[in-house]
Structures are given as structure tokens and as C-alpha cells.
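Structure record follows, encoded as C-alpha cells.
We count ligands from 1, going down the list as the structure has it; atoms in each ligand are counted the same way. No hydrogens, no waters, no symmetry mates; every other heavy atom, side chains included, goes into these values.
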Amino acid sequence: METKKRIFSGVQPSGNITLGNYLGAIKNWVELQDDYECLYAIMDMHSITVRQDPKELKKRTLDLLKIYLACGIDPEKNLLFVQSHVPSHAQLAWVLNCYTYMGELSRMTQFKDKSKSHADNINAGLFTYPVLMAADILLYSADLVPVGKDQMQHIEICRDIAGRFNAIYGDVFKIPEGFLPKAGAKVMSLQEPLKKMSKSDPNPKGYISILDDSAVIAKKIKSAVTDSEGVVEFREGDEAKAGINNLMTIYSAVTGKTMDEITKEYAGAGYGVFKSDTADAVVEHIRPIREEYDRLSGDKAYLEGIFRSGAERAEKIASRMVSKVYKKVGFLPF
Ligand code: ATP
Ligand code: LTN
């Protein structure tokens, strides 16, 4: 029997999961789950690189598990777990820290952006964030890592670290590939369409949370910033069209229509109709997720069963890799 290739990915429980997180990552995970052996984790250790309220963090971690399930990730087929429940992640991250250069970490766009937005807390964890992410991926010898475009630089550094380690110690790590969705790899803010849609945006009008109710979603899309040209046409790289490009990307991702089809459909129609149809399409796409999320809300024992067994199974795979790495670097076995 042919063994399936492996996938690893995760999202941080650092805020309301946005349409960007969904279209850039989680929707793809759902589509890949039949063809790959998948591990999808909740990256709580990454989330504390920015200050979190402990009560909120605990609640959001469980909420994110519910979101994974509500989006259609099958806990029978996939291994779902919480990063901090599997000690191997921190163990491998320490070793990899010693094979990663300050210079390469200081080139990371996310570090530079977050150092600006959290200038009062530029901690060492924020700096070495990509090393922990490399450990997440390399522990499981993942072939593929489905993420949004903003994370591709972190996949590149992961490949570099793995290649460097392998060059010294032999074939220890599998070199992973990043994997982007066809539409929605970078969803932009609805209010500032030159910035990515982010769950930590202080202005909630900029993002759509996948748990926003229908009226709120429609309102946010209808008040999205566009331009005064009134032509529904996708023009890659044209900053003046960034707002409409973004809405077309969203519409395409939730309906499966191509940009050409959308342009034809709305020729001469103006933005009002297009925005209203986009709002309807997003609402209809998200409705079943919201319903399933509400249904799962009371079922604590079920959720606990999933993350407990997920952590046990993940640690079994991951601890083998940690042992192998410890041996390679020369730690005394016990
Ligand atoms: P934060 O704002 O707290 O840094 P985030 O919204 O960027 O968080 P992450 O948890 O860092 O979310 O990302 C989870 C996944 O969602 C990653 O694969 C990331 O690439 C993807 N993602 C995040 N924002 C977008 C976006 N605007 N468009 C497409 N994909 C996105
Ligand atoms: N850094 C990622 C979350 C993340 C991740 C990972 C994604 C942490 N570890 C491993 C894929 C694989 C982000 O989305 N900000």
C-alpha cells in the first residue's frame, strides 16, 4: 500500500479567526485531508510572543479547536492537538535555535512588522518565532505545509535550517514545501486594502471574523474601501484597485468563479450590486460553519477527548525525532 504524504499546519489562538485565516489556510486543509495524512495543531506557544490574557487564551484555544471541526476537519481522519501539550516542540526548537543565525531571523518581515506594532514588547520569543515554527514542521517530517502567503518566508527559513542541519549530520529532516491556495492566499483588510486582513487589527471593520453574524458581515463588506472608477475588474498590482481586487478575490474563493467570469458577470453593474452579491456569497459560505460551531459549543468532553488523544499520538511521533536529533548532536543517552 502506498503511504500518504504528510501535512502539518496550524493557526495561533490569538484572536477572532478571520476570513483571511479561513481562505488562506483552513479551507485548504479541509480540501487536502483525504489525500494526505494531516496534523493540524493550535499554536498556543507562538501566540504568547504577543501578550495574551491567560483566561482569554485558554478560551480561545478551545474555541479554535471548535472552529477547525466546524470548518469540516474530521477528527477521525486527522490528528488535532494543542502545541503546548506536546513537549517535543519546545525541545526541538531549542536545538534548532543553535543552528539559526541572528542575521537570517532579523530579515523576517513578520518580526519587523510586529516589532513596530508591539514596540513595548520586542521579546526574544518574537525573534525566534520562526525557529519554533520550523520545529513544528520538522518534528513530523511533513512534506507539505498549507499556509497563507505571509508565512512563506517562514517556510523558507525552515527549509534553510533543515538543510543546514542535514549538511552536518546526514539525512535527518525532510525538507518541506509550502502550499498556497488558488484564491485567498492573501486576503487584505477591508478598510486598508494595502494591508493584510489580520485578527489582531484593532479596527474590527477591517476584518471579517468567521463567527460574525450575517448582518455584521454584510455591513462590513458593503462598507469596504474601493475606488471611484466603478469597474469590477481585477488588475494585479494596481494599488488604486486594491480594494476591488480584494473583494473579487474573496468572491472568487467562496464561489469558485474565475476573475474573467466575475468581470463578465458584473460588466456595467457597478460596485453596489457586486458588493451585495459578495456579502451574500460570504454569508452563505460561512453559515454552516457558524451553525456547526454553535452546535459543538456545549460538548466539552468530546473536545477534550480529541485534544488528549491528539497530543498522545503526536508526542509518539515527535519524541522519536527529538531522540534522533539529540543523538546526532551528541547528548548523552539515558
Ligand atoms: P496575527 O494577526 O495574530 O499575527 P494572523 O491573522 O496573521 O494572526 P495566524 O495565526 O498568524 O493569523 O495565521 C494563520 C494562518 O492564516 C496562516 O497560514 C496565515 O498565512 C494565514 N493568514 C493569516 N492572515 C491571512 C490573510 N489575510 N490572507 C490569507 N491568509 C492569511
Ligand atoms: N506562524 C504561523 C502559525 C504556525 C504554523 C506552524 C503554520 C506556527 N507553527 C507550523 C504552519 C506550520 C502563522 O500562521 N502565523
Side-chain angles (χ1 to χ4, degrees), residues 6-29 38-52 56-57 60-61 64 67-68 71 81-84 86 89-90 92-93 96 108-111 113-118 125-126 128-140 142-159 176-190 192-204 206-210 242 246 249-250 253 314 318:
R6 196 177 271 169
I7 280 183
F8 184 94
S9 197
V11 171
Q12 309 176 73
S14 52
N16 296 314
I17 298 306
T18 69
L19 190 65
N21 300 135
Y22 174 69
L23 297 178
I26 304 175
K27 182 166 179 282
N28 234 346
W29 303 356
C38 307
L39 295 105
Y40 295 127
I42 296 171
M43 315 322 289
D44 56 345
M45 289 162 68
H46 277 101
S47 73
I48 62 161
T49 54
V50 168
R51 204 67 77 221
Q52 304 288 336
E56 276 288 303
L57 179 58
R60 282 196 186 128
T61 302
L64 187 50
I67 290 179
Y68 285 4
C71 287
F81 68 98
V82 177
Q83 187 186 28
S84 66
V86 179
H89 290 249
L92 183 61
L96 297 182
M108 294 294 113
T109 311
Q110 181 181 291
F111 173 68
D113 290 348
K114 291 210 170 168
S115 303
K116 272 187 215 139
S117 55
H118 301 278
L126 193 62
T128 62
Y129 177 114
V131 183
L132 177 59
M133 179 162 163
D136 299 335
I137 299 166
L138 299 176
L139 275 174
Y140 302 97
D143 297 277
L144 213 64
V145 187
V147 285
K149 211 172 181 174
D150 63 304
Q151 293 300 315
M152 282 312 251
Q153 202 184 21
H154 292 162
I155 307 287
E156 276 309 312
I157 197 174
C158 168
R159 291 166 55 92
E177 305 273 343
F179 185 84
L180 294 176
K182 274 193 225 85
K186 191 168 188 189
V187 178
M188 309 309 282
S189 154
L190 297 176
E192 294 170 85
L194 295 174
K195 267 180 34 188
K196 80 159 189 162
M197 182 180 284
S198 166
K199 58 171 123 75
S200 32
D201 188 337
N203 178 4
Y207 64 81
I208 291 172
S209 155
I210 64 166
N246 189 38
T249 302
I250 293 172

Provide the number and element of each atom of ligand 1 under 4.0 Å from a heavy atom of [X].
X      : result
Ser14  : 3 (O)
Ser200 : 1 (P), 2 (O), 3 (O)
Gln151 : 17 (C), 19 (C), 20 (O)

Check: Who pairs with Ser115 by side-chain hydrogen bond (donor to acceptor under 3.5 Å, both in side chains), at least two apart in sequence or on another chain?
Finding: none
Check: In terms of ring plane angle, is the pair Tyr40 and Trp29 parallel, tilted or perpendicular, where the classes change at 30° and 60°?
Finding: parallel
Item checked: Which segment of Ala185 sits under 4.0 Å of ligand 1 when only heavy atoms are counted -> backbone
Notebook entry, point to check: Given that the side chain starts at C-beta and the backbone is N, CA, C, O, which of these parts of Lys114 lies under 4.0 Å from ligand 1, counting heavy atoms, or is it both or neither?
Noted result: side chain
Checklist line | Side-chain heavy-atom pair Pro204, Asn16 within 4.5 angstrom cut-off | finding: no
Next item on the list: Determine whether Thr49 and Leu132 make a side-chain contact, defined as any pair of heavy atoms from C-beta on separated by less than 4.5 Å.
Entry: no
Next item on the list: Would you indicate whether Ile48, at its atom CD1, is surrounded by more than 12 heavy atoms from other residues, nucleotides or ligands within a distance under 6.0 Å?
Entry: no
Next item on the list: Under the side chain to side chain contact (heavy atoms under 4.5 Å, CB included) rule, what do Ser198 and Thr18 come out as? Steps first, then yes or no, please.
Entry: CA-CA 7 Å; Ser198 166; Thr18 69; over 6 Å; no
Nearest to [atom] by heavy atom, [options]: which?
atom                    : options                        : answer
atom 7 (O) of ligand 1  : Lys199, Lys196, Lys186, His154 : Lys196
atom 15 (C) of ligand 1 : Pro13, Ala25, Pro181, Ala253   : Ala25
atom 23 (C) of ligand 1 : Asn21, Thr49, Ile17            : Asn21

Check: Can you tell which of Lys186, Lys196, Lys114, Lys195 makes a salt bridge (charged side-chain N to carboxylate O under 4.0 Å, His left out) with Asp150?
Finding: Lys196
Check: For Asp150, is at least one N or O under 3.5 Å away from an N or O on ligand 1?
Finding: yes
Check: What do you reckon, does Pro146 have a nitrogen or oxygen under 3.5 Å from a nitrogen or oxygen of ligand 1?
Finding: no
Check: Does Gly15 come within less than 4.0 angstrom of ligand 1, counting non-hydrogen atoms of the residue?
Finding: no
Notebook entry, point to check: Looking just at side-chain N and O atoms, do Asp136 and Gln83 make a donor-acceptor pair shorter than 3.5 Å?
Noted result: yes
Check: Do Asn246 and Thr249 have a side chain donor and acceptor closer than 3.5 Å?
Finding: no
Checklist line | Protein residues that have a heavy atom under 4.0 Å from any atom of ligand 2, sorted by chain and number | finding: Phe8, Ser9, Gly10, Gln12, Met43, His46, Tyr129, Met133, Asp136, Ile137, Val145, Val147, Gln151
Item checked: Within the 6.0 Å centroid threshold, strictly below: His154 and Phe111 -> no
